[in-house]
Chemist: 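Dropping a structure here in structure tokens format, bear with me for questions.
Per chain, numbering begins at 1; letters A, B, ... match sequence-line order. Predicted model, so just to flag it, every value in this text is computed and none were measured.
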Amino acid sequence: MAVNKNKVKIHVENLSKSFHNLEVLKDISTDIYEGEVVVIIGPSGSGKSTFLRCMNRLEKITGGTVVIDGYDVCDKKTNLNKMRENVGMVFQHFNLFKNLNVLQNLMLAPVDLKKETRDEARAHAMNMLKKVGLEEKAGVYPSKLSGGQKQRVAIARALCMNPDIMLFDEPTSALDPEMVGEVLNVMKQLAAEGMTMVVVTHEMGFARDVADRILFMSDGMIEEEGTPEEIFKDPKSQRTRDFLSCVL
Amino acid sequence: MVRIISEYGELLLRAMGQTLLLALCGLVFACVLGLFFGMLSVLKNRACNIIAQVFVDVIRGVPMIVLAFFIYFGVPYFFQNFLNKNVTLSALTAGTICLALNCGAYMAEIIRAGIQSVDKGQMEAARSLGLPYWRAMHRVVLPQAIKTMIPSIINQFIITLKDTSILSVIGFPELVNSAKNVVADTFKSFETWALVAVMYLIVITILSKVAKILERRLNNGR
């Protein structure tokens, strides 16, 4: 879990985002370094997911700049598709392609974008399935998987593109409690391998154990940030304290 | 009844052939139009949406019989009197255009609704992997949308097949038009129209059955 402080992977500067008249993100600035695991916590409606979705430009940015993996996402000339090849994303509701089986889900993007031949992609996909412990599900359609299995497949699918950065948008929020562990374990393993990760979650245990840094968001702003120790043991802001007393 | 079948059976069968030909021509172009305007209406572009909406509203707001008269009589008249050009449309051409426009508008709505019924997360997931919009549409969204669209599309095909009868008014020798001639010859309207009804019924029943099988096949692939 070595954080390389010399290399900024995600640079966010004065980021703001509005939906019509509703200001969801207000003037957010932060730098995320190579190999760093940043966990974003905060009450619902505080803009956590929107912040994450601004990073790979699933949401249009209304102000400020985001530079991710060297790509300025606000610049009209930036090839967003190229950027997204290097930035994996895992969604709350898995979003596995329902018309494809597990193996096809994993192979679609690498083959379609000509990053790998069919055979390479298949071998790579099987490797990734092994990594998340689901090799035997290769030929199965998503509708036949449990929530935890779906999310592990979704992680494997993102990894098949060999991303430099992984974004997780509440990856365990839609899971039955007994399935949360299996997904978190995969994420922990990924963190241990040095992946740069940004995780929006309500799993405080995960935040405490795995995060290098925690951002507490409230009302579209970063209210407080620090190591898990600082945030959980000695929160500076009243809002952080209120929030933590509710969830812990 | 037997006399009608023996004397006019061949003529009516040939007329049924013409009906099917007209329906097929209309449907092929309707699919193209439907796909085009359906796509325009789901694009994130105001101008495209408006164009699609206007097309659908105009065609839906005009009875097909009026559309048929307009295309077959109105358009050539317009070219002759205002542009001094001689344009004649065969009944088949005019009929095909008319069916294509009419069915195309409804198809556009079916396709729009089908695409919009696919969870937005599917497109987002595909885009987040780096797939361009049209690749994501082609590989992920459309295959799922088509499955939900199939019953409505089949329904629309059947309606279009029946709507060919309206085109008897522009003199296309399809089934209804030919049956009218048979009645004029024989004065046996009960037998003739009953026979025509049964002919439509048989063809449409066969089509529905084939469609059901096709639908089941597609659903097996999940």
Side-chain angles (χ1 to χ4, degrees), chain A residues 49 52-53 55-60 69 71 79-101 104-115 139-144 150 153-163 165-169 174, chain B residues 31 34-35 38-39 42-50 110-154 211 213-222:
Chain A
S49 288
L52 198 71
R53 291 162 58 85
M55 289 183 192
N56 68 348
R57 245 309 300 272
L58 280 183
E59 297 291 347
K60 249 202 181 109
D69 213 25
Y71 294 89
N79 185 342
L80 291 175
N81 295 325
K82 267 273 167 281
M83 171 272 285
R84 289 183 184 135
E85 287 181 17
N86 298 325
V87 181
M89 187 163 203
V90 174
F91 299 84
Q92 180 176 0
H93 296 290
F94 330 122
N95 300 349
L96 294 182
F97 306 135
K98 290 179 193 152
N99 56 320
L100 304 175
N101 69 24
Q104 291 165 336
N105 260 277
L106 268 62
M107 287 169 60
L108 175 65
V111 173
D112 218 75
L113 297 170
K114 303 207 164 55
K115 291 195 82 171
V140 168
Y141 278 85
S143 56
K144 295 277 186 296
K150 279 183 197 167
V153 170
I155 294 172
R157 178 177 68 181
L159 292 176
C160 277
M161 292 298 288
N162 293 323
I165 299 166
M166 286 282 285
L167 309 176
F168 294 83
D169 189 4
Chain B
C31 287
L35 199 60
M39 282 301 183
V42 295
L43 284 180
K44 272 196 197 140
N45 180 316
R46 282 286 289 158
C48 291
N49 301 161
I50 290 172
I110 293 170
I111 288 167
R112 178 189 60 74
I115 291 172
Q116 284 174 347
S117 77
V118 176
D119 178 22
K120 261 180 156 170
Q122 297 284 314
M123 175 59 94
E124 283 184 352
R127 297 304 308 274
S128 79
L129 288 165
L131 288 179
Y133 179 86
W134 288 108
R135 294 303 298 164
M137 192 49 107
H138 170 65
R139 299 299 302 272
V140 175
V141 178
L142 277 183
Q144 294 181 49
I146 284 169
K147 254 182 47 191
T148 62
M149 288 188 267
I150 288 225
S152 317
I153 289 180
I154 289 166
I213 294 168
L214 191 79
E215 198 184 331
R216 209 166 306 143
R217 279 264 170 88
L218 273 166
N219 273 336
N220 278 345
R222 230 164 322 251

Chemist: Of all heavy-atom pairs between A:Met161 and A:Leu113, which one has the smallest distance, and what is that distance?
Modeler: CE-CD1, 3.6 Å
Chemist: Could you check if a side-chain atom of B:Met39 sits within less than 4.5 angstrom of a side-chain atom of B:Trp134, using non-hydrogen atoms only?
Modeler: yes
Chemist: Would you check, one step at a time, whether the test side chain to side chain contact (heavy atoms under 4.5 Å, CB included) holds for B:Lys147 with A:Asn99?
Modeler: CA-CA 10 Å; B:Lys147 254 182 47 191; A:Asn99 56 320; over 6 Å; no
Chemist: Give the interface residues of residues 83-91 of chain A toward chain B, defined by a heavy-atom separation under 4.5 Å.
Modeler: A:Arg84, A:Glu85, A:Val87, A:Met89, A:Phe91
Chemist: Using modelled atom types only, decide if a donor and an acceptor are shared between the side chain of A:Asn105 and the backbone of A:Phe97 within a distance under 3.5 Å.
Modeler: yes
Chemist: For a quick test of reading the model, state the closest non-hydrogen atom pair linking B:Gln122 to B:Gln144 and the distance between them.
Modeler: OE1-NE2, 2.8 Å
Chemist: Side chain, backbone, both or neither: which part of B:Ala136 has a heavy atom under 4.5 Å from chain A?
Modeler: neither
Chemist: If you compare all heavy atoms of B:Ser152 against all heavy atoms of B:Ile110, which two are closest, and at what distance to 0.1 Å?
Modeler: O-CD1, 3.6 Å
Chemist: Determine whether B:Met137 and B:Val42 make a side-chain contact, defined as any pair of heavy atoms from C-beta on separated by less than 4.5 Å.
Modeler: yes
Chemist: Can you name the closest pair of heavy atoms from A:Pro110 and A:Cys160 and give their distance?
Modeler: CG-O, 3.8 Å
Chemist: Shorter than 4.5 Å, heavy atoms on both sides: which option in A:Leu80, A:Leu167, A:Leu108 has the most such pairs with chain B?
Modeler: A:Leu108
Chemist: For the side chain of B:Asn49 and the backbone of B:Lys44, is there at least one donor-acceptor N/O pair under 3.5 Å apart?
Modeler: no
Chemist: Using the six-membered ring of A:Tyr71, assess whether NZ or CZ of A:Arg57 lies under 6.0 Å from its centre and within 45 degrees of the ring axis.
Modeler: no
Chemist: Tell me, out of A:Asp112, A:Leu58, A:Asn79, who's got the most heavy-atom pairs with chain B below 4.5 Å.
Modeler: A:Asp112
Chemist: Any residues in residues 113-120 of chain B near chain A, with a heavy-atom distance under 4.5 Å, and which are they?
Modeler: B:Asp119
Chemist: Compare all side-chain heavy atoms of A:Val153 with those of A:Phe94 and state whether any distance is below 4.5 angstrom.
Modeler: no
